[in-house]
Amino acid sequence: MKLRIPCAGCLQNAEARAIPEIALVEFRDDGRYEAQCAHGHQFIAILQEQLFELLFDIGAYAIVDGYYREAVSSFSSSLERFYEFFIRAVLLDKKVGEAAMRGAWNAVSKQSERQLGAFVFLYTSEFGRYPVLLTEKDVQFRNDVIHRGKIPQRQDALDYGQRILNLIRPTLRDLREKTPDGIREVVSQHLTQSSNKGAKPNMSMTSPTILGLNRTDAAWQSRSLEQAIQELPSWR
Ligand SMILES: [Zn+2]
């Protein structure tokens with residue numbers, strides 16, 4: 001699975017502007033991509049998409065490639081990172097300061113069960129109802145795959161991924177309606193952190209993901225995982 005980035009150097013060059021070279025890069029978790037195009041332009045691009053979105057796409061590509069254990073693992077990580085995204089968006093929407101946020105997160109950062117607890121109560125506080133969570137059966141399935149060496153079949157991985165999609169999508173929709181400023185702030189902080197990690201980037205970019213934080217249209221948001229997988233671009 002690779003990310004396609006139009007070359008910032010070509011885009012600035014009048015002659016080449018019509019068809020910029022595309023650089024193919026491996027995905028990263030810091031959102032920062034240093035690349036070089038076929039004309040030798042070196043550039044740095046910052047990707048707006050959030051970690052939970054990328055992890056879900058990585059899970060989908062793992063299904064395409066036949067790595068079903070890895071798919072289950074990536075979908076599970078996607079859900080965990082989505083909970084983190086949710087917590088950050090709600091707190092930033094309430095204008096909680098960076099130091100307080102960091103302190104609170106440090107208290108839960110090493111244990112996903114604590115993060116889940118934080119999510120459950122923040123969600124309940126925000127929406128006046130408790131969130132739908134993974135069922136005991138799904139938790140058991142995930143643990144069997146990740147910790148006990150279970151080898152899932154394609155359909156098992158697909159069903160599990162679909163259930164994660166069914167959990168994240170409506171929660172993300174609720175979050176978009178209730179705390180749009182919080183979401184914008186999380187994205188903005190992510191871009192700032194990526195930018196400040198080294199030399200100034202030449203561009204920031206967005207690339208549609210299956211969960212699609214930036215894709216709110218109904219057609220995109222109603223696709224099943226199976227459909228989304230069939231429509232995945234293949235850049236190898
Ligand atoms: Zn170029």
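We count ligands from 1, going down the list as the structure has it; atoms in each ligand are counted the same way. Quick note: numbers below take in every heavy atom, side chains included, and nothing from hydrogens, waters or symmetry partners.
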ask   = Looking at D174 and K178, does any basic side-chain N land under 4.0 Å from a carboxylate oxygen?
value = no
request  = For the pair R154 and D156, find out whether any cationic side-chain nitrogen is under 4.0 Å from an anionic carboxylate oxygen.
outcome  = no
task = List the atom of L133, the atom of F119, and the distance in Å for their closest heavy-atom pair.
result =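 It is CD2-CE2, 3.9 Å.
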inquiry  = Please determine whether H39 has a backbone or side-chain N, O or S atom lying under 2.8 Å from the Zn ion (ligand 1).
reply    =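 False for H39.
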query = Distance from R163 atom CZ to L225 atom CG, nearest 0.5 Å?
reply =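 R163 CZ to L225 CG: 11.5 Å, rounded to 0.5 Å.
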ask   = So what does the C7 SG - the Zn ion (ligand 1) - C10 SG angle come to, to 10°?
value = 110°
ask   = What N/O/S atom of H41 gets nearest to the Zn ion (ligand 1)?
value =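 Of the nitrogen, oxygen and sulfur atoms in H41, the Zn ion (ligand 1) lies nearest to ND1.
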